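Here is the structure we will look at.
Since we're looking at a predicted model, the values are computed, not measured. Note: hydrogens, waters and symmetry copies are ignored here, and every other heavy atom, side chains too, is used.
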Amino acid sequence: MTTLDERPAGLDEAARAALFTDAHTANTFAATPVTDEQLVQVWELARWAPTAANTQPMRVLYVRTPEAKARLIPHLNDTNRDRAASAPVTAVLAVDDRFHETLPTVAPFMAGMQPVLEQDEALRSAMGGYSAALQAGYFVLAVRALGLAAGPMGGFDKAGVDAEFFAGTSWRSHLVVNIGYPGEGAFRPRLPRLAHEDVVRFA
């Protein structure tokens, strides 16, 4: 058992700034390429996100070739197309509707839930959507942790993306994230954040 004295120290100020206080959503990207090895490293960090019963329902499609970008961009909202076009990589984060099929592997103690989730589509959708949202937050932090900029976007035609990339599969898109090194004018001025006095209570 880890004691209080054995717990790892918190991140230093520079690391906290890189992940949180100095980090911005990127709107433009430099032409500097992002390697497949870097993208694998993003997942190696993001996969440690907490999920309900360790179900891990999120899946990732890295769109990085000109041909694939040409298929994706028409399904984005007008204001998001130039952003995605400038990014070396755009990740489509998806939820696997059949995530419960991996329960015997990722959560053997929950294997008995597999038939329950098979029958209850509403429960499966709620569990998968909530957990994938947690994973998406970790995904953005993982991108930042590797020195890259992230530009998450919710403005896109999900049905169109699913038909284009996930037809015949159980994957369903829920967020698009541009990834790369920031370009000229990438960051807008920081918008206000709510103070703890406005949002935090103690019981």
Ignoring hydrogens and geometry, is there a side-chain-to-backbone donor-acceptor pair from Arg71 to Glu164 under 3.5 Å?
yes

Under the criterion side chain to side chain contact (heavy atoms under 4.5 Å, CB included), which of Leu134, Leu45, Leu175, Val60 is the partner of Phe139?
Val60

Where Leu61 and Trp171 come nearest, the two heavy atoms and their spacing:
N-CZ3, 4.4 Å

Within the 4.5 Å heavy-atom criterion, are Gln135 and Pro57 side-chain neighbours or not?
yes

Shared hydrophobic cluster, Leu93 / Val140 (ILVMFWY, side-chain heavy atoms < 4.5 Å):
no

Could you tell me which non-hydrogen atom of Ala30 sits nearest to which non-hydrogen atom of Pro88, and how far apart they are?
O-CG, 3.9 Å

For residues 10-19, which residue pairs pass the side-chain hydrogen bond (donor to acceptor under 3.5 Å, both in side chains) check, not counting sequence neighbours?
Glu13-Arg16

Output the distance between atom OG1 (Thr169) and atom CG (Asp96), rounded to the nearest 0.5 Å.
7.5 Å

I'd like to know if the side chain of Thr90 and the backbone of Val63 have a donor-acceptor N/O pair within less than 3.5 Å.
no

Give the other cluster members for Val95, using side-chain heavy-atom distances under 4.5 Å between Ile, Leu, Val, Met, Phe, Trp and Tyr residues; answer none if it is isolated.
none

Take Phe156 and Leu72 through the side chain to side chain contact (heavy atoms under 4.5 Å, CB included) test and state the conclusion after the steps.
CA-CA 9 Å; Phe156 65 100; Leu72 174 66; over 6 Å; no

Does any pair with a residue in residues 189-203 pass side-chain hydrogen bond (donor to acceptor under 3.5 Å, both in side chains), and if so which ones, sequence neighbours excluded?
none

If you round to the nearest 0.5 Å, how far is CD of Gln56 from OG1 of Thr51?
5.0 Å

Under the criterion side chain to side chain contact (heavy atoms under 4.5 Å, CB included), I'd like the reasoning laid out for Met153 against Asn77: C-alpha separation, chi angles, the key distance, then a yes or no.
CA-CA 9 Å; Met153 305 185 302; Asn77 289 4; over 6 Å; no

Please find the pair of heavy atoms, one from His174 and one from Ala133, that lie closest to each other, and give the distance.
CE1-N, 4.2 Å

Rounded to the nearest 0.5 Å, what's the gap from OH on Tyr138 to CE on Met58? Could you check?
12.0 Å

For residues Phe99 and Val116: do they belong to one hydrophobic cluster (side chain heavy atoms under 4.5 Å, members Ile, Leu, Val, Met, Phe, Trp, Tyr)?
yes

Can Val42 be reached from Val89 by stepping across I, L, V, M, F, W or Y side chains whose heavy atoms are under 4.5 Å apart?
yes

Are any non-hydrogen side-chain atoms of Arg64 and Asp36 less than 4.5 angstrom apart?
yes

Tell me the closest heavy-atom pair linking Gln114 and Pro104, and the distance in Å.
OE1-CG, 3.5 Å

Rounded at 0.5 Å granularity, tell me how far OH in Tyr181 sits from CG in Leu148.
5.0 Å

Residue pairs fulfilling side-chain hydrogen bond (donor to acceptor under 3.5 Å, both in side chains) with at least one residue in residues 115-124, sequence neighbours excluded
Arg98-Glu118, His100-Glu118

Would the distance check show the side chain of Lys69 and the main-chain N or O of Ala84 forming a donor-acceptor pair, the cut-off being under 3.5 Å?
yes

Tell me the closest heavy-atom pair linking Ala94 and Phe166, and the distance in Å.
CB-CE1, 4.0 Å

Can you list the steps and then say if Tyr62 with Ile179 is a side chain to side chain contact (heavy atoms under 4.5 Å, CB included)?
CA-CA 10 Å; Tyr62 286 123; Ile179 300 171; 4.0 Å; yes

Leu194 with Leu191, same ILVMFWY side-chain cluster at under 4.5 Å
no

Co-members of the apolar cluster containing Leu11 [side chain, <4.5 Å]
Leu19, Phe20, Leu141

Carefully, step by step, assess Met113 and Leu123 under the rule side chain to side chain contact (heavy atoms under 4.5 Å, CB included).
CA-CA 11 Å; Met113 276 292 292; Leu123 175 62; 4.3 Å; yes

For Trp48, which fellow cluster members are found when Ile, Leu, Val, Met, Phe, Trp and Tyr are connected by side-chain heavy-atom distances below 4.5 angstrom, either directly or through intermediates?
none

Using atom types as modelled and distance alone, determine if a side-chain donor or acceptor of Asn178 lies under 3.5 Å from a backbone N or O of Ala87.
no

Between the main-chain N or O of Thr105 and the side-chain N or O of Thr102, is there a donor-acceptor pair closer than 3.5 Å?
no

Answer yes or no: are there more than 12 heavy-atom neighbours, outside Arg47 itself, under 6.0 Å from its atom CZ?
yes

Using only atom types and a distance under 3.5 Å, with no angle test, would you say the side chain of Asp162 pairs donor to acceptor with the backbone of Arg172?
no

Considering non-hydrogen atoms only, spot the tightest contact between Ser131 and Thr55 and give its length.
OG-OG1, 4.0 Å

